[in-house]
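These notes concern the structure reproduced below.
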Amino acid sequence: MPLIATETLAPNSLPYEQQHQVYCGLDTMVTLEVFHALREMRPRLPAIYSFERALQGPYLEIMQRGFAVDQLARASAARSLQERIDGLQIQLDEFAMAAWGRPLNPNSPAQLKDFFYAKMRLPEVWLSQKGERKLSCNREALEKLETYLYARPFVSIILSIRELKKQLDVFNTEIDPDGRYRTSYNIAGTETGRPSSSSNAFGTGGNAQNIAAGLRYVFIADPGWKLCVIDLEQVEARDVGFFCGCLFDDWKFLNACESGDLHTANCRLIWPERHWTGDLKKDRTLADELFYREFSYRDMSKRGGHLTNYFGTPWTMARHLKIPLRLAEDFQDRYAKGPSPAYPAIPRYWAWVAQELQTSHRLVTPFGRERHFFGRAGDDTTLREGIAFLPQSTTADRMNLGLWRVWKKMPEVQLLGQTYDSITFQFREDADEAAIVQRALELIRVELVARNGRRYIVPGEAKVGWNWASRHQDGKAFGKGNRFNPDGLVKWRAGKDKRRRGESATTA
DNA sequence: GACCCCCGCCAC
DNA sequence: AAACGTGGCGGGGGTC
């Protein structure tokens, strides 16, 4: 039975404005009725619900303010990308005309399948994605086709065009007339409590949470202001470590996370027979030595560790890192699964999640966020959702609490965005930078206490600058095509870098 | 032409 | 047999 007899309102017979009023009324009143019904089932509102409502303040502010965009940089980047794409497309069409008498659209999987598999008669590349085997022309499939000499020039141009087009989309996103990129944040849209980001209600702006690192330099502080980005270091890994400690009193993984360099510490545990010295610098050098092809031991523990924490199989790990299956199996045995693994608590964490799903079909995070799992408790997919839920959700609430506190306690700064494990705000250039950054870092600290009394925080790392990209990448000046980015973000350290805007790092 | 699904791909 | 999770967007290409 409908809550409201909508047919009596006959909205289509009403004038346009009244149709909207009816629509709006249904939207809000039905929601309210649902709320009342739920409220009866649960008279005490969960704290997490009030928290979500409190987040409306800072997020509305972020959405209204928008993030300033360097219009000249944006336009010139868009122009040069378009030129490069046009040039490549002409080349691709020349090849394609010669090969099959028509042009080829690199963004059409249908045309590519026709071209590579029917016309060129190359062996089909079937990939399994989300449980389904598919004839694919994605990057992974095309890279497999590169083994065939005739396919090579096509593959390389297609991949280049796709990559450049993706970048162009970011620069071509419509920005508001005042030069600001306004994104819409959905506070309560996800399963985990993460906010999501999308284009706004007027159709301008876009997802601000998936801008590639190399394109962020077009996002800038307002005149007279400076950006600060604070991110939570290794936050999801630490959360997994905290759960292992709380559940099984096994703190080895959290200890490794807190040792200063998680990935090097991981390497020592995973490959104990290597000649570790205990000296941070020397051990880092040892961890940076190559393990397989371009992968160092440290890379392996970083990428493989994350994947393994989330119940990724050796098969997935081998595919993802492009390494032999045996190496992935060997890694996982030493990391978590073998007879004497570095982190035996991790499989215990998986088993505990499986048990919870079997018995209660629900999980609750340290912040009291509860999620019911409606999938079949025994399915791997359900288990994976559960395993990922706890750290993801804990991270989301931790970051949002930090964001809310900065908004509430630091009226002198202006929030600009949230990117899962980081927040971005701007502060006045003539303000006391050290005081502001330190205060924000304090507010980001959220302490959790385990039953054994162990206190757990995730440290924040601050970066400051005048645009949203890093000034350096791998120790070098950073940017697209070696673009020098002197106004980019640098790691903030107390008392360091009093450089003013536009001065290069070397003259500071 | 509006709508919808699929594909590919970006983020953490 | 299937093979790590959470999201959003643009384009192609089908249907209505």
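Chain identifiers are assigned alphabetically (A, B, ...) following the order of the sequence lines, protein sequences preceding nucleic acid strands; residue numbering begins at 1 within each chain.
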Starting at atom [atom1] of [X], determine the distance to atom [atom2] of [N], rounded to an integer number of angstrom.
X      : N      : atom1 : atom2 : value
A:W315 : C:dA2  : CH2   : P     : 11 Å
A:I158 : B:dC7  : CD1   : C1'   : 15 Å
A:W126 : B:dC7  : CH2   : P     : 11 Å
A:L112 : B:dG8  : CG    : P     : 9 Å
A:Y310 : B:dC12 : OH    : P     : 14 Å
A:K165 : B:dC9  : NZ    : P     : 13 Å
A:N400 : B:dC12 : CG    : C1'   : 14 Å
A:E163 : B:dA11 : CD    : P     : 10 Å

Check if the side chain of [X] and the base of [N] share a donor-acceptor pair of N or O atoms closer than 3.5 Å.
X      : N     : answer
A:K166 : B:dC9 : yes
A:R162 : B:dC9 : no
A:Q392 : C:dG5 : yes

key: Aromatic plane relationship, A:Y185 with A:Y59 - under 30° parallel, 30 to 60° tilted, over 60° perpendicular   = tilted

ask   = What is the ring orientation for A:W271 with A:F291, classed by angle as parallel under 30°, tilted 30 to 60°, or perpendicular over 60°?
value = tilted

Residue [X], side-chain heavy atoms: nucleotide from [options] that is nearest:
X      : options                : result
A:E191 : C:dG13, C:dT6, B:dC12  : C:dT6
A:T190 : B:dC7, C:dG10, C:dT6   : C:dT6
A:E385 : C:dC9, C:dG5, C:dG10   : C:dG5
A:N138 : C:dA3, C:dG12, B:dG8   : B:dG8
A:N210 : B:dA11, C:dG11, C:dG5  : B:dA11
A:S108 : B:dG8, B:dC12, C:dG13  : C:dG13
A:Q111 : C:dG13, B:dG8, B:dA11  : C:dG13
A:T419 : C:dC9, B:dG8, B:dC12   : B:dC12
A:P109 : B:dC7, B:dA11, B:dC9   : B:dC7
A:D169 : B:dC12, C:dG11, C:dG13 : C:dG11

task = Verify whether one side chain among A:Y420 and A:Q392 offers a donor that lies under 3.5 Å from an acceptor in the other.
result =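 No, because no side-chain N or O of A:Y420 sits under 3.5 Å from a partner of the opposite role on A:Q392.
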
Under 4.0 angstrom between [X] side-chain N/O and [N] OP1 or OP2:
X      : N      : result
A:S196 : C:dT6  : no
A:T313 : C:dA2  : no
A:N105 : C:dG12 : yes
A:S197 : C:dG7  : no

inquiry  = In the structure I gave you, are the side-chain heavy atoms of A:P391 and A:F242 within less than 4.5 Å of one another anywhere?
reply    = no

ask   = Do A:V155 and A:L159 touch side chain to side chain, with heavy atoms closer than 4.5 Å?
value =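 They are in contact (side-chain heavy atoms under 4.5 Å apart), so the answer is yes.
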
Once you apply a heavy-atom cut-off of 4.0 Å, does [X] come out as touching a base, just sugar-phosphate, or nothing?
X      : answer
A:S422 : nothing
A:T395 : nothing
A:R216 : sugar-phosphate
A:R194 : base
A:I387 : nothing

inquiry  = Among A:Y343, A:F311, A:F248, which residue satisfies the ring pair (Phe, Tyr, Trp, His ring centres under 6.0 Å) criterion with A:W350?
reply    = A:F311

message = Does atom CZ (A:R362) have a neighbourhood of more than 12 heavy atoms from anything else shown, all under 6.0 Å?
response = yes

